[in-house]
**Student:** 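Before I ask anything, let me first share the structure, which is written out below as structure tokens.
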Number of protein chains: 2
Amino acid sequence: MNRSLCSTVTAVTGSRKQLGGVAFLLAQLGAHAANRFAERIGELGLTPVDVGLLRMIAVEPGRSQQSLAAELGVVPSRVTALIDPLDRAGLVERRRSKEDRRNYELHLTDKAGEVMAGIRQVATAHEGEICTALTDLQRTHLMGLLELIADQQGLTPGVHPGYRRP
Amino acid sequence: MNRSLCSTVTAVTGSRKQLGGVAFLLAQLGAHAANRFAERIGELGLTPVDVGLLRMIAVEPGRSQQSLAAELGVVPSRVTALIDPLDRAGLVERRRSKEDRRNYELHLTDKAGEVMAGIRQVATAHEGEICTALTDLQRTHLMGLLELIADQQGLTPGVHPGYRRP
DNA sequence: TATTGTTATACTCTATAACTATA
DNA sequence: TATAGTTATAGAGTATAACAATA
């Protein structure tokens, strides 16, 4: 099994209830949520990155690899490597554009539609697991507070920024 | 500049205010907070991992590399590579244990003490930045809700789990 | 023989650069 | 000449395994 730290120990201010707190707790819980999701989605033979790509194509069918690269802040050659396995798995189809035969139009296959249904199931179960500790009211409260931060920090809804090493 | 996706696009349920939401927003905000912290701490010539290690040694001076490996869920050889730069930078000292000359006792140097002060400054500024959108009351509320989740999910206070690939 | 830490090796992720086909 | 995508190469991060010193 291949593990990675990425930024394993971002510990800063010490235990909870000390100065600081929210930022670290967000990083900690965010990593936990991402890890758990990766585990669950792995049972479908997918990675979180796969899921994100499928969704981006589902939202805007026919988009090019370049546009994906731009939105992800990633180099085009990376997108090639990212789409390849989805193509091989029969989930994404590369169709040469007839207007400009240099680029591909990316489309989901019927098989991908079925897989997306499975993904939605996993996502719902995941959400439930993460929020187990909260009442419905608390859940709504939390959502509101998190959105305040996300909006103020200028985060794009639905786009996970990834983790960049310094 | 070396960038990495790690699990860049963990997008799942689409835009905010849709079903799901909290888990993804946590992952998104957590990654954002971790990235911003890495940027800031990078100005001190440190990585988030460095900071976590320094803190772990500060909390329990004299601990061994093995104990770090165990707590981090990382292989001992990894700890060697992790401590090396801190040793070279004159922040951590490896002292051979007199009771058991196989292991080292890890200690922070005086220089590390000064660096830790800088880290605390950065952490405070970082916390302020992340919480800009919130009133003090909202901040307290958020902290409480996040702790509910963290406790229920069994997360260790102060230990960032890192991001493991499936 | 078992344990602490190190070194050597291999594998994965990712970016950069060179290349092909098309415009 | 410029653009979409691919391939080749190199560097960083990390685990596995073999090793040295000590117990």
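A, B, ... follow the sequence lines: proteins, then strands. Residue 1 opens every chain.
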**Student:** Side chain of A:Val74 only, please: which of D:dT16, C:dA15, C:dT6 is the nearest?
**Tutor:**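 So the side chain of A:Val74 is nearest to C:dA15.
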
**Student:** Given 3.5 Å as the limit, does a donor-acceptor pair link the side chain of A:Asn35 with the main chain of A:Ala31, or not?
**Tutor:**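 Judged by distance alone, yes, a pair lies under 3.5 Å.
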
**Student:** Which side-chain N or O atoms in residues 111-119 of chain A pair as donor and acceptor under 3.5 Å with protein atoms at least two apart or in another chain?
**Tutor:**
from, atom 1, to, atom 2, distance (Å)
A:Lys111, NZ, A:Ala89, O, 2.9

**Student:** Would the distance check show the side chain of B:Thr109 and the main-chain N or O of B:Gly90 forming a donor-acceptor pair, the cut-off being under 3.5 Å?
**Tutor:**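 It does hold such a pair.
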
**Student:** Compare side-chain N and O positions of A:Arg94 against OP1 and OP2 of D:dT6 and report whether any pair is under 4.0 Å apart.
**Tutor:**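 Looking at the OP1 and OP2 atoms of D:dT6, one of them is under 4.0 Å from a side-chain N or O of A:Arg94.
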
**Student:** Rounded to whole angstroms, how far apart are CG on A:Asp84 and P on D:dA8?
**Tutor:**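 In whole Å, D:dA8 P and A:Asp84 CG are 13 Å from each other.
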
**Student:** Where do N or O atoms of nucleotides 17-20 of chain C meet protein N or O atoms at under 3.5 Å, pair by pair?
**Tutor:**
none

**Student:** Please give, in whole Å, the distance from D:dT6 P to A:Ile83 CD1?
**Tutor:**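 Roughly 9 Å, once rounded to whole Å.
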
**Student:** Test the A:Arg95-A:Tyr104 pair against the cation-pi criterion, namely NZ or CZ under 6.0 angstrom from the six-membered ring centroid and within 45° of the ring axis.
**Tutor:**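 Not flagged: A:Arg95 not positioned over aromatic ring of A:Tyr104.
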
**Student:** Starting at CG of A:Leu82 and ending at C1' of D:dT6, how long is that distance when rounded to a whole Å?
**Tutor:**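 These atoms are roughly 14 Å apart.
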
**Student:** Could B:Asp84 and B:Arg94 be called an ion pair, given the rule that one side-chain N must be under 4.0 Å from one carboxylate O?
**Tutor:**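 Counted as a salt bridge, because a side-chain N and a carboxylate O are separated by less than 4.0 Å.
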
**Student:** Test your reading of the model: is there a side-chain donor-acceptor pair from A:Gln138 to the backbone of A:Thr135, 3.5 Å cut-off?
**Tutor:**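 Looks like yes, one N/O pair under 3.5 Å.
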
**Student:** What pattern of brackets, bars and dots sums up DNA chain D from 5' to 3', given Watson-Crick or G-U wobble pairs under 3.5 Å, [ ] for crossing pairs and | for another strand?
**Tutor:** |||||||||||||||||||||||

**Student:** Treating A:Glu39 as the side-chain partner and A:Ala34 as the backbone partner, does any N or O pair qualify as donor plus acceptor under 3.5 Å?
**Tutor:**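 No; judged by distance alone, with no hydrogens or angles, the pair does not exist.
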
**Student:** Checking side-chain contact (heavy atoms from CB on, under 4.5 Å) against A:Leu86, which of A:Asp50, A:Ile57, A:Leu106 comes through?
**Tutor:**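 The single option meeting the side-chain contact (heavy atoms from CB on, under 4.5 Å) with A:Leu86 is A:Asp50.
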
**Student:** Counting only N and O atoms by type, is there a donor-acceptor contact under 3.5 Å from the side chain of B:Gln65 to the main-chain atoms of B:Asn103?
**Tutor:**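 Flag not set: sc B:Gln65 to bb B:Asn103 has no pair under 3.5 Å.
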
**Student:** Each nucleotide N or O in nucleotides 21-23 of chain C that has a protein N or O under 3.5 Å away: list the pair and distance.
**Tutor:**
from, atom 1, to, atom 2, distance (Å)
C:dA23, OP1, A:Arg101, N, 2.9

**Student:** For DNA chain D, which residues of residues 59-66 of chain B approach it to below 4.0 angstrom with any heavy atom?
**Tutor:**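 Contacting residues: none.
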
**Student:** Considering residues at least two apart in sequence or located in another chain, which fulfil the side chain to side chain contact (heavy atoms under 4.5 Å, CB included) criterion with B:His126?
**Tutor:**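 Scan of B:His126 (side chain to side chain contact (heavy atoms under 4.5 Å, CB included), adjacent residues dropped) gives A:Ala23, B:Ala33, B:Arg36, B:Phe37, B:Arg40, B:Ile130.
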
**Student:** Answer with base, sugar-phosphate or nothing: what part of the nucleic acid does A:Arg96 contact at a heavy-atom distance below 4.0 Å?
**Tutor:**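 Contact class for A:Arg96: none.
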
**Student:** How long is the line joining CG of A:Asp87 and C1' of D:dG5, in whole Å?
**Tutor:**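 In whole Å, D:dG5 C1' and A:Asp87 CG are 13 Å from each other.
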
**Student:** State whether the number of non-hydrogen atoms from other residues, nucleotides or ligands found under 6.0 Å of B:His107 atom NE2 is greater than 12.
**Tutor:**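 For B:His107, atom NE2 is crowded (more than 12 foreign heavy atoms under 6.0 Å).
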
**Student:** To the side chain of A:Thr80, which of D:dG5, C:dG5, D:dA15 is closest?
**Tutor:**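 My answer, after comparing the listed nucleotides, is D:dG5.
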
**Student:** Could you tell me the separation between the CG atom of B:Leu72 and the C1' atom of D:dG13, rounded to a whole number of Å?
**Tutor:**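 From B:Leu72 CG to D:dG13 C1': 15 Å.
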
**Student:** Do B:Asp100 and B:Ser97 get their side chains close enough for a donor-acceptor pair, meaning under 3.5 Å?
**Tutor:**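 B:Asp100 vs B:Ser97: no donor-acceptor pair found between side chains.
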
**Student:** Tell me whether B:Arg63 is salt-bridged to B:Glu71, with the criterion being a basic N under 4.0 Å from an acidic carboxylate O.
**Tutor:**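 Answer for the salt bridge query: yes.
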
**Student:** Give a yes or no on whether the backbone of B:Leu108 and the side-chain of B:Glu93 come within a donor-acceptor separation of less than 3.5 Å.
**Tutor:**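 No; zero donor-acceptor contacts below 3.5 Å.
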
